[in-house]
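Here is the structure we will look at.
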Amino acid sequence: METRKDKLKIDCDVLIIGSGAGGGTAARVLAPLVQKGKRIVVADVGPFYTHEHFTQRELEGVDLLWDEGGVFTRDGAINIIMGRMVGGSTGIYTGVTFTVPPEVIQEWAIPGLTYGELEKRFARIKEAINAHVLPDNFVNTNNRLFRNGVEKLGWPCGSIVINVKNCQQQGFCNLGCTVGAKQGTLEVEIPQAIKAGVEIIPNCQIEAVGGNKAWGNLNPAPPDSIPAKHAPGPVEFSAKVIILAGNTFGTSGILLRSQLPGMSPALGGYVTIHPSHTVFGIHPEVVEGFRGFPKTYYCTKFTESHHYYLETCFYYPFVAAKYIEGWGVEHKKIMRDYRKFMAILILNHDRAISTNRIVLQKGVPVLDYRIQKESIESLCHAQRSAARVFFAAGCDRALLPASAKVVLNRKDEPRLEELIGPRHFILNKISIASAHPQGGCRMGKDPATSVTNEWGQVHGYPWLYVCDSSLLPSSTHVNPYLTIMALAERNSEHILETWK
Amino acid sequence: MGNQNKPNTAFKFLSPFRLRVFMALAGRIIPEDREGGKVYPGADNLESMAIIDRALSTKPKDMVLLLKLFLMFFELSGLLFALRPFSWMSAEQKDKHIRRFELAPLAKVRQGFWGLKTLVFLSYYSRDEIWPDIGYPGPRMKRPHPDPSLRALQTAPFRPLPTPLGGED
Ligand SMILES: Cc1cc2nc3c(=O)[nH]c(=O)nc-3n(C[C@H](O)[C@H](O)[C@H](O)COP(=O)(O)OP(=O)(O)OC[C@H]3O[C@@H](n4cnc5c(N)ncnc54)[C@H](O)[C@@H]3O)c2cc1C
Ligand code: SF4
């Protein structure tokens, strides 16, 4: 399609910006308005691929990510991974379905938001997306070893709830589910919304909003994707209600660029990310963690005391190589044991502080985030715990990033306190990642400390709502998608109920 | 420096100078080694470089500029420590230089090195030919990619280098 120079004007009743966990849910809830003659449009900067596009190859999966996987905190220390496609990050998530602990909701103190109400939403959403504990035949060797190790140590081992239907245990969830088994937004909410008459405009980057309008640019569709029905070029939307669902980065970025008068000083602030490590042990037997469903167990032993979860996981060769310290022949020989790797994901729940915030750099949202001392201590503690699990599970070597040695042997176990600790936690040397950015447009009562009210409506802007991860006032502690969906559903129902 | 040893490539980012530095670095990050009579190739090959070139050709201009400057700094700072640019150093000198960057007191220097190292890992471990060496059977599904040239970067077999790179150009 040829590029337009003139501005395309689209009038609609609801414009939803972003189609991930939050935006997809908003589209599903508001879809009945189409029956009443209303026009609903979802614009996403990412392309619209179906699951037929995914190829289970790392190099080909990078085009599903923001900046092809190259988003970092401003200090360059932490790599943030987010999906940039119709379906958002749910297109590449694992589908780990956790309910937020009740004390987090208490801490948020959002007027009218009770845990009881959320619980009902969680149950309903989980049913709709087939979230369940996977049967025993889904437990691959990596997960079985994790369970053995954790139980041997006398620690609790929980079964993870996953939202899949007809999962063929292909094991490539984070490169996009090739068979459409993962019940993310791309497979559930977006098709439902399209069926109900909601329009999807992929490849459409929204720059700013103001006065019931949104401005952006429609880019050409990449090959193999479903194109928008409009030619590429500048776009102006007019809508009765605009819903921002571009996630912590996208939504905060749009609001910062829009420079709306009277915006809360909290805009962009209080971002948490769940800083994480993927760590490996090497087992004497073949593990082949890359086959079968990657995640079935987790351990909460140190959640209360040291603020982290241990979860099973597995990654493909490049990502695994990146997470292992060192280089040279030693690193290469370690990689030769890839089939024997056991893998654990460590997730720290970091504290929300106002200075960890999204800022604009040449108009692009960037996360100015300093990892806190307490997070570093938590991650070091977690690495020692992971080492214990590896050895208890029968591994003879453990690879931990904040360690005095690249490879720890079983005989090092009594010295873990001495070998793994903050003095070896060298920022910008070791790999730290995050797939759970939250906050930036936090909900609350007081415009001085929150960007939206209890319904996700931006303070002072009745036509402007937020329905995504940026709403979360502080970390959910657990993997966040279910909480984001529940809040998006709640806010969208409010829009529906108050529609005039 | 003469140029008769330069391979005939059509890289966008990797000028002969940058190609030479990247090759020298890749050859230490993932060097060729032998075990049990088998030779395991290193990452200092044109197929891996082609992946790096492609990865960088889609990055924003200012990021690429920073990387170019960092690569030059990485190469030329060798003059300060070993009286020769990085790519002209012996293997031991190279390893020492790399460690200096990896553990540099300045976070930005460590960050730059982390970026280069990660690119080398990407260029090597995303190639099909390497997978048998690490016991990875690859994707379960054989699906084409809309861009066959991207797929070819992963599947093309290693070719021997036209001549040894480095040292004398
Ligand atoms: C690899 C990976 C694995 C994960 N696994 C899990 C898991 O197992 N369990 C769990 O709970 N969570 C998981 N998460 C996190 C979870 O996916 C996210 O927290 C959740 O999807 C966030 O929802 P969201 O709606 O805020 O944003 P997203 O789902 O990221 O969607 C935002 C959308 O907005 C679009 N957008 C952004 N800016 C603009 C703009 N300016 N104009 C137009 N469109 C824009 C983006 O392209 C994107 O599609 C994972 C995340 C990743 C990356
Ligand atoms: S393991 Fe299941 S959900 Fe994950 S990609 Fe494979 S088929 Fe899809």
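The sequence lines fix the lettering, A, B, ..., with proteins before strands; numbering per chain opens at 1. Because the structure is predicted, anything quoted here is derived from the model rather than measured.
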Heavy-atom cut-off 4.5 Å, strictly under: side chain, backbone, both or neither for [X] against chain A?
X	value
B/Q154	side chain
B/Y40	both
B/K142	neither
B/R54	neither
B/R99	both
B/L103	side chain
B/P137	both

*Which word best sums up how the rings of B/F121 and A/H331 line up, parallel for under 30°, tilted for 30 to 60°, or perpendicular for over 60°?*
parallel
*Please work out whether the ring planes of A/H53 and B/H145 are parallel, tilted or perpendicular, with thresholds of 30° and 60°.*
tilted
To the nearest 0.5 Å, what is the distance between [atom1] ([X]) and [atom2] ([Y])?
X	Y	atom1	atom2	result
A/L427	B/R110	CG	CZ	7.0 Å
B/E102	A/I426	CD	CD1	8.0 Å
B/L150	A/L59	CG	CG	5.0 Å

Can you tell if the side chain of [X] reaches within under 4.5 Å of the side chain of [Y], non-hydrogen atoms only?
X	Y	answer
B/I134	A/P317	yes
A/T55	B/R151	yes
B/Y124	A/K332	yes
B/Q111	A/K429	no

*Test B/D33 against A/K333 for side-chain contact (heavy atoms from CB on, under 4.5 Å), laying out the working first.*
CA-CA 9 Å; B/D33 75 316; A/K333 285 191 171 164; 3.6 Å; yes
*Taking it one step at a time, do B/Y125 and A/M335 satisfy side-chain contact (heavy atoms from CB on, under 4.5 Å)?*
CA-CA 9 Å; B/Y125 290 110; A/M335 283 301 290; 3.3 Å; yes
*Give the intermediate values and the outcome of side-chain contact (heavy atoms from CB on, under 4.5 Å) for residues A/W327 and B/I98.*
CA-CA 10 Å; A/W327 45 273; B/I98 290 175; 3.3 Å; yes
Heavy-atom pairs under 4.5 Å with chain B - which of [options] has more of them than the others?
options	value
A/R339, A/E68, A/R291	A/R291
A/T178, A/D337, A/V179	A/T178
A/E58, A/E288, A/Q168, A/Q170	A/Q170

Under 4.0 Å between a Lys/Arg side-chain N and an Asp/Glu carboxylate O for [X] and [Y]?
X	Y	value
B/D62	A/K362	yes
A/R57	B/D128	yes
A/R336	B/D133	no

*Evaluate the criterion side-chain contact (heavy atoms from CB on, under 4.5 Å) for residue pair B/K117 and A/K322; output intermediate values, then yes/no.*
CA-CA 8 Å; B/K117 180 178 90 161; A/K322 182 171 88 165; over 6 Å; no
*Would the B/W114 and A/F72 ring centres measure less than 6.0 Å apart?*
yes
_Between B/A55, B/S123, B/G138, B/G115, the one whose heavy-atom pairs under 4.5 Å with chain A are most numerous_ = B/G138
_Would A/Q56 and B/R140 count as a side chain to side chain donor-acceptor pair (under 3.5 Å) here? Give the steps._
CA-CA 8 Å; A/Q56 305 183 336; B/R140 286 192 135 170; over 6 Å; no
_Option among A/F318, A/F341, A/F290 that satisfies the ring pair (Phe, Tyr, Trp, His ring centres under 6.0 Å) test with B/Y136_ = A/F290
*What do you reckon, is CG of A/N166 surrounded by more than 12 foreign heavy atoms closer than 6.0 Å?*
no
